[in-house]
Amino acid sequence: MDKIVVENLKYKYPLTDKLVLNDISFKIEKGQFIGIIGQNGAGKSTLCQAITGLVPLFFKGAYGGRVIVDGIEVAKSNISDIALKVGMVFQNPFTQITGSKLTVYEEVAFGLENIGLDREEMKNRIDEALNLLGIYKFKDRNPFDLSGGQMQRLAIAGIIAMRPDVIILDEPTSQLDPQGSEEVFKAVWDLKKCGITIIMVEHKMEKIAEYSDKVLLMHDGKVIDFDTPEKIFSRDDLMKYGVIEPAYTRICKAFDIKDNGLYPVTLDRACEMVVKYNEHNRS
Amino acid sequence: MSIIEVKNLHFFYNKDEEILKGIDLIFDEKSTAIIGQNGAGKTTFVKLLKGLLKPTSGDIIIYGKNTKENTVANLARTIGLVFQNPNDQIFKNNVLSEVMFGALNIGMDEKDAKESSLNALRMVGLEGKINDNPYDLTLSERKLISIASIVAMNTKIIILDEPTIAQDYISKEKIKDIIFNLKSQGKLVITITHDMDFVAETFERTLVFCEGKVLLDGKTNEVFMQDEELKKAHLEPPYAAQLCRKMNSDKIYITVEEFVKANKR
């Protein structure tokens, strides 16, 4: 079943002339991991906000077309109802952490208190979220004593405890070191395995290629392509959209090493194909 | 004469937690990347170089000047630091006056400051936006403004703290070109980053910080061959090197270009 349907979506911010989203249509199935790529200014973050309903319910402006999440048209719903279905993780965990809670445990409780859950249910959900993100051992720590990767996982835990069906992450690892960024990708992967639909905006193409079921390529407010990572990164016009293939794909393209007509996009696949290519050339 | 000399540098904010635990380094003109986990002490280290913090013990000598005996204002003519977040740095209401601010502040006259700022804006490709309000520009353009502001001060040393964060491919290439350009003008460029491929493609020398110490120091390609040590610092080599390792190849190449060049016969 389609979890998210976007139909002919158009949007202009107030007092501007340019369509930031220009006739966008696509569908996302439940439980998929969708990567959104494109150069800065392509409309990626605005699209995320349109799925959470912040556009047009909070950010006004000219709006056309429809965004439907779980059968509900977001423009005709309200932000607090959509927030129960769609959770959003920002780029910088400092923006998301409330700053008003003294422990990791209470931080995760914040959203739950706001929706008025009873105590037992809250405890269950907090324990579950902290365990899922691998930060239960830090439950009594001050959120600001965590590392960047731990703090971003806490931000995600706060969202997960709300039990949304969809989680949108807008460049969640750009502020993190390589280890912290890997922690976040692994945690998000575990969420996908629990059946949660994931939408992630990311500039690290190697990671997009490794984790995404499908990749949405955007440029200048439009969807250029929406397909598997292999198909997207096999295109020969990516440069035009300010996007570069994963390093492994660039190497395979240089030697024209294809796998069933498409270039490999992950380390494992590229390694296998390059080794085969070398053996073939030697014999 | 070495450009920067760091001698047995120790630093802590509070006594129980030493941040830098004895660093000895000499910087010459080689462009240098500093990599390492969050919390390894990288940003603290560059703040010490800039004189914003003073060593708890040990010395930092910049072109013969000890940072302990010189004010930040005095050192600012020699060493510039571009902050990680451009919003921490930008406060004027048009691009040109933002970029001129630092140059005027270190005592350049109006005419020189303007000329130097226009050159810097040309270098980062924003010469067409000198009258815009910085906050009408995108985050990546603001990052370029913050770089231009420091370049305009014409210091011999330029430090960039995480220049590639949230930058797309095109902006990253632009920042790479800026670094090459500064290098060709004989400036020492020191850069903190988490982007290993960017390091491999851009810098001659790489320092690995780990828990307040320098774990590795050498030519970038040699540093990225030390898999065991990198693992200790929770770092991974660049993607091309990971592919070489996985293929069990004898030679390790650290960039896609080197890999392709070496294997194409």
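Quick note on labels: first sequence line is chain A, next is B, and so on, each numbered from 1. These numbers come from the heavy atoms of this one structure, side chains and all, not from hydrogens, waters or symmetry mates.
Heavy-atom neighbours of B/K176 NZ from other residues, nucleotides or ligands within 6.0 Å: above the threshold of 12. Applying the 6.0 Å contact sphere to NZ of B/K47 captures no more than 12 heavy atoms from other residues, nucleotides or ligands. For CD of B/E211, the number of neighbouring non-hydrogen atoms (other residues, nucleotides, ligands) closer than 6.0 Å is 12 at most. Within a 6.0 Å sphere centred on NZ of A/K222, other residues, nucleotides and ligands contribute 12 heavy atoms or fewer. Heavy atoms of other residues, nucleotides or ligands lying less than 6.0 angstrom from NZ of A/K253 number more than 12. For B/K15, the NZ atom counts as loosely surrounded, since its 6.0 Å shell holds 12 or fewer non-hydrogen atoms of other residues, nucleotides or ligands. Shown here is B/F83, whose CZ atom has no more than 12 heavy atoms of other residues, nucleotides or ligands within 6.0 Å. Residue-environment remark: CZ (A/F58) stays at or below the threshold of 12 foreign heavy atoms within 6.0 Å.
Both the backbone and the side chain of A/D268 come within contact range of chain B, with heavy atoms under 4.5 Å apart. Of the two parts of B/S171, only the side chain, counted from C-beta on, holds a non-hydrogen atom closer than 4.5 Å to a non-hydrogen atom of chain A. Only the side chain of B/Q84 comes within less than 4.5 Å of a heavy atom of chain A; its backbone N, CA, C and O stay farther away. Using a 4.5 Å cut-off between heavy atoms, B/E257 touches chain A through its side chain atoms alone. With a 4.5 angstrom heavy-atom cutoff, A/E171 touches chain B only via side-chain atoms. Proximity to chain B (any heavy atom under 4.5 Å) is shown, for A/E202, by neither the backbone nor the side chain.
Of all the heavy atoms in B/K264 and A/A254, the pair that sits closest is NZ-O, 2.7 Å. Looking at every heavy atom in both residues, A/A247 comes nearest to B/Y239 through CB-CB, 3.5 Å. Minimum heavy-atom separation, B/L243 to A/L267: CA-CD1, 3.7 Å. The heavy-atom pair separating B/N263 from A/F255 by the smallest distance is CB-CZ, 3.4 Å. Counting all heavy atoms, side chain and backbone alike, A/N40 lies closest to B/D168 at N-OD2, 2.6 Å.
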Does the pair A/N278 and B/M247 meet the rule for a side chain to side chain contact (heavy atoms under 4.5 Å, CB included), with working shown? CA-CA 10 Å; A/N278 284 345; B/M247 289 166 58; 3.7 Å; yes
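Between the CD atom in A/E272 and the NZ atom in B/K246 there is a gap of 9.5 Å [rounded to 0.5 Å]. Atoms SG and CD, on A/C271 and B/Q242 in that order, are 11.5 Å from each other to the nearest 0.5 Å.
Chain A forms the most heavy-atom pairs under 4.5 Å with one residue out of B/I170, B/V256, B/I35, and that residue is B/V256.
Taking a cutoff of 4.0 Å between a charged side-chain nitrogen and a carboxylate oxygen, B/D195 and A/K204 do not qualify as a salt bridge.
Of the listed residues (B/H234, B/M196, B/E236), just one forms a side-chain contact (heavy atoms from CB on, under 4.5 Å) with A/P178, and that residue is B/M196.
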